[in-house]
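Quick notes on the structure that follows.
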Amino acid sequence: MEIVERVVEEVNDLDVNEQRRILSEIEPKLLVKERRKKEISLPPLPHAEYGKVVTRFPPEPNGYLHIGHAKAAFIDYEYAQMYDGKFILRFDDTNPENEKIEYYDVQKEDLRWLGIEWDIEYCTSSNLPKHYELAEKLILQGDAYVCLCDQSTIRKNRFEGKICRCRERDKDENLSLWKEMHKDIEEGGAVLRLKGDMKSKNTAMRDPTLFRIIDAEHPIQGHKYRVWPTYDFAGAIEDSLSGVTHPFRTKEYELRDEVYFYILDKLNLRKPHLMEFSRLSIEGMPVSKRKIKPLIDEGKVSGYDDFRLPTLRGLKRRGITPEAIRLFVLSQGISKSESTVTFDQLEAVNRKIIDKRARRFFFVPNPVKIYVENAPALKKKLKFHPTEDMGYRVVETSSVFFVPREDIKSMREGDIFRLKDLYNVRISEIKKDEIKATYEGEELLKDVEKIQWVTEKSFEFVVLVGGPLFIGDKYNPDSLKRVRGLVEESLKTARNGEIVQFERFGFVRIEKEGDSMVGIFTHK
RNA sequence: GCUCCCGUGGUGUAGUCCGGCCAAUCAUUCCGGCCUUUCGAGCCGGCGACCCGGGUUCAAAUCCCGGCGGGAGCACCA
């Protein structure tokens, strides 16, 4: 044991490159392996044949996509890639009351931002004639019937497992009623139901509704149709007909599997390999419209792109990259066990990605003035990135600087610290609003704090810092904080949307509008 | 209430179908160290888990039974 410890210590004392070099001499295989393991991968798909896998992502165009959608979309997309198959984007727009024309495009934009591409795109609403045809087939086979009961009766009967009279009607009557549904029967007056099993333990099988009447104008179809398929019917039919081999859905649909296969069975249609995975939830970040909508209405968040929200637009504004979302979401896998992930897991992934790309700047929150006696006037080149080649800016220094009050707090007269990348100073006098210091040379000293600074050529800057919107179930009124400070002039070169790092402060995404500029805190 | 699903370290996950190679994977957090002109990144190391109880078996995270805990569904919404 002691020997092991001693050896470990010895190895640790070596330079990393040295370690690597020696390892490559002893056992080069180890170095290769290390790299391969980094690639994340989904478990193999059952019943999958290379080149023949077809997946689909079926959003309803009724809102903005969020991280939960991203999980589904990435799983679908990734599997199609993995097996060199096809990936379909299908808009499940079968409820004209909910769909809005703008969301078709908005959702596509969001998917493209994620880096997802699809082979085929279509809307379920464009296939209604086919749906009607299959519905008639079911009616003629005696597997579906028109129910004239009102909604609450249906509900009650279903709960109690009771059959209603409508179920006994014969085919021809059903067929003519079905035709009537398209014409004169008023909304809510009739539905087409599957003849399932009213005594089934699975309540989803108790004659689920297949079609209902909705007169609202459809964003694409207008008033062309008024009989609309429900999710149970449309989902199953579309998956089968469009050739999807491996459809995924979230766990809450699990009870509906039986209905899904039953419908396809009665219609003699191919049955895909349906799979479910758990929903993704992030602590303190509501994903449902039910929770977000009121926040927007009450002005507690700015909109669906508020950076405290896990919508894709919100995450984008915050500075979370699509690559990070992909890695994060895939790391969750297709497990069925429910979990609430903390945001820092996403942060960790994101940090590694943006660290390599973010230009570094000095931002001084809550600044305090510092006057350095006999300070040399310098024109200092400061690199934008410690290791990557991103160029540099030149800063002219005199004897006036600003540093974070927070850092000075713990210091006393006589203490020495380094203006990072510049030179050392020694505090000679601490006054309320100003600190006097003396120049102490450029030599890099061990164990001396390195603090970021700005000169008088800096400007005021605000960083918006977002916290959790909910703590437990309770709304958190302090989810938005503003940090004011001074930032070096060269930040003006930042592009709108650029993610930078304010050294020792954190990553910040820059938003520019005209002459004004704010920062949105990404994470540490 | 009924039905279904889930239960692996602080967190998230792999493994569970087809029991042994699992004294259990990877990531993250935390702790220690190395490196570094950032409290960032990188590198090395460490702590830490199979919900409980029975059973089957030479052998169980994995199969069976019974508890307990969590989630979901019981819509003319998807």
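Computation of the quantities below employed the complete heavy-atom set of this structure, encompassing side-chain atoms and omitting hydrogens, waters and symmetry-equivalent molecules. Throughout, protein chains are lettered first and strands after them, A, B, ... in sequence-line order, and every chain is numbered starting at 1.
Residue A:F57 holds its CZ atom at 8.5 Å from CZ of A:F91, rounded to the nearest 0.5 Å. Put simply, CE on A:M205 and CG on A:D197 are 6.5 Å apart, with the number rounded to the nearest 0.5 Å.
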### Task
Apply side-chain contact (heavy atoms from CB on, under 4.5 Å) to A:R360 and A:F502, showing your working.
CA-CA 6 Å; A:R360 314 287 143 131; A:F502 286 167; over 6 Å; no
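Separating the P atom of B:U38 from that of B:C6 is a span of 49 Å, rounded to the nearest Å. Spacing between B:G20 and B:A61 at atom C1', rounded to whole Å, works out to 13 Å. For the P atoms, the distance from B:C51 to B:G9 is 7 Å, rounded to whole Å. Taking atom P on both nucleotides, B:C26 is separated from B:C44 by 12 Å, rounded to a whole Å. Distance noted for atom C1' between B:G32 and B:C58: 43 Å (whole Å). Using atom C1' as the reference point in both B:U56 and B:A72, the two lie 32 Å apart (nearest Å). Of the P atoms belonging to B:C74 and B:U8, the separation is 26 Å, rounded to the nearest Å. Comparing the C1' positions of B:C77 and B:A41 gives an interatomic distance of 46 Å, to the nearest angstrom.
If you take CZ of A:R249 and P of B:A72, they are 17 Å apart, rounded to a whole angstrom. When rounded to the nearest whole Å, the span between CD1 of A:I75 and P of B:U13 equals 12 Å. Rounded to whole angstrom, the span from the CG atom of A:L42 across to the P atom of B:U13 amounts to 13 Å. One can place NZ of A:K383 at 14 Å from C1' of B:A41, the figure rounded to the nearest angstrom. In this structure, A:K199 atom NZ and B:U3 atom P are separated by 15 Å, rounded to whole Å. When rounded to the nearest whole Å, the span between CD1 of A:I353 and P of B:G42 equals 11 Å. When the C1' atom of B:G40 is taken as reference, atom CD of A:E347 falls 13 Å away, rounded to whole Å. What separates NE2 of A:H66 from P of B:A78 is a distance of 16 Å, to the nearest Å.
Ranking B:U37, B:A41, B:C6 by closeness to the A:L444 side chain, first place goes to B:U37. For A:Q501, the listed nucleotide lying nearest its side chain is B:U38; candidates were B:C39, B:U38, B:U37. Distances from the side chain of A:S335 to the nucleotides B:U37, B:A14, B:G12 place B:A14 closest.
Pairing for B:A78 is absent, judged as Watson-Crick or G-U wobble with the two contacts each under 3.5 Å. With both pairing distances under 3.5 Å, B:G66 is matched to B:C52 as a Watson-Crick or G-U wobble pair. Applying the Watson-Crick and G-U wobble criteria (two distances, each under 3.5 Å), B:U11 pairs with B:A27. Taking a pair to require two hydrogen-bonding distances under 3.5 Å in either a Watson-Crick or a G-U wobble arrangement, B:G20 pairs with B:C58. Within the shown strands, B:U3 is the pairing partner of B:A72 under the Watson-Crick or G-U definition, both distances less than 3.5 Å. In this entry B:U36 has no Watson-Crick or G-U wobble partner, no candidate having both defining distances under 3.5 Å.
Considering only residues two or more places apart in sequence or on other chains, A:E276 meets the side chain to side chain contact (heavy atoms under 4.5 Å, CB included) condition with A:R249, A:E254, A:D257, A:L274, A:K336. By the salt bridge (Lys or Arg N to Asp or Glu O under 4.0 Å) test, A:E187 is found to be paired with no residue, residues two or more places apart in sequence or in another chain being considered. Under the salt bridge (Lys or Arg N to Asp or Glu O under 4.0 Å) criterion, A:E121 pairs with A:K108, not counting sequence neighbours. Remark: A:R206 engages no residue in a salt bridge (Lys or Arg N to Asp or Glu O under 4.0 Å) (not counting sequence neighbours). By the side chain to side chain contact (heavy atoms under 4.5 Å, CB included) test, A:I163 pairs with A:R167, A:E168, A:M198, sequence neighbours left out. Residues forming a side chain to side chain contact (heavy atoms under 4.5 Å, CB included) with A:R155 (at least two apart in sequence, or on another chain): none. Take A:T397 and apply the side chain to side chain contact (heavy atoms under 4.5 Å, CB included) test, not counting sequence neighbours, and it matches A:L378, A:V395, A:F401, A:L422, A:W453, A:T455. Residues that satisfy the salt bridge (Lys or Arg N to Asp or Glu O under 4.0 Å) test with A:D415, not counting sequence neighbours, are absent from this structure.
Side-chain N or O atoms of A:E99 include one that pairs as donor or acceptor with a backbone N or O of A:N95 at under 3.5 Å. Although no hydrogens or angles enter the test, the distance criterion places a donor-acceptor pair under 3.5 Å between the side chain of A:T311 and the main chain of A:Y304.
A pairwise comparison of heavy atoms in A:V508 and A:G519 identifies CG1-CA, 3.5 Å as the closest pair. A pairwise comparison of heavy atoms in A:K71 and A:G333 identifies CE-O, 3.5 Å as the closest pair.
Salt-bridge check for A:E238 with A:R56: failed, with every basic side-chain N at 4.0 Å or more from each acidic carboxylate O.
Residue A:K336 is in sugar-phosphate contact alone, with no base atom involved, counting any heavy-atom pair closer than 4.0 Å across all strands shown. Residue contacts shown for A:D407 include a base, since a base heavy atom lies under 4.0 Å away.
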At a cut-off of 3.5 Å, list every protein nitrogen or oxygen paired with a nitrogen or oxygen from nucleotides 73-76 of chain B, distance to 0.1 Å.
{"unit_1": "B:C74", "atom_1": "O4'", "unit_2": "A:T203", "atom_2": "OG1", "d": "3.3"}
{"unit_1": "B:A75", "atom_1": "OP2", "unit_2": "A:R155", "atom_2": "NE", "d": "3.3"}
{"unit_1": "B:C76", "atom_1": "OP2", "unit_2": "A:R158", "atom_2": "NH1", "d": "3.3"}
{"unit_1": "B:C76", "atom_1": "N4", "unit_2": "A:Q151", "atom_2": "N", "d": "3.3"}
{"unit_1": "B:C76", "atom_1": "N4", "unit_2": "A:G188", "atom_2": "O", "d": "3.0"}

What N/O pairs connect the protein and nucleotides 68-70 of chain B at under 3.5 Å? Give each pair on its own line.
{"unit_1": "B:G70", "atom_1": "N2", "unit_2": "A:E338", "atom_2": "OE1", "d": "3.4"}
{"unit_1": "B:G70", "atom_1": "N2", "unit_2": "A:E338", "atom_2": "OE2", "d": "3.0"}
{"unit_1": "B:G70", "atom_1": "N3", "unit_2": "A:E338", "atom_2": "OE2", "d": "3.2"}

Please list each protein N or O that sits under 3.5 Å from an N or O in nucleotides 7-11 of chain B, with the distance.
{"unit_1": "B:U11", "atom_1": "O2'", "unit_2": "A:Q345", "atom_2": "NE2", "d": "3.3"}
{"unit_1": "B:U11", "atom_1": "O2", "unit_2": "A:Q345", "atom_2": "NE2", "d": "3.2"}

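Taking only side-chain nitrogens and oxygens, A:R351 comes nearer than 4.0 Å to OP1 or OP2 of B:A41.
Sequence order on RNA chain B of the closest nucleotides to A:I334 and A:T387 puts A:I334 first from the 5' end. Comparing A:E503 and A:A348 against RNA chain B, the residue whose closest nucleotide sits nearer the 5' end is A:A348.
Using a 4.0 Å cut-off on heavy atoms, the residues of residues 91-99 of chain A that approach RNA chain B are A:D92, A:T94, A:N95, A:N98, listed by number.
The closest side-chain heavy-atom distance from A:F461 to A:E488 is not below 4.5 Å.
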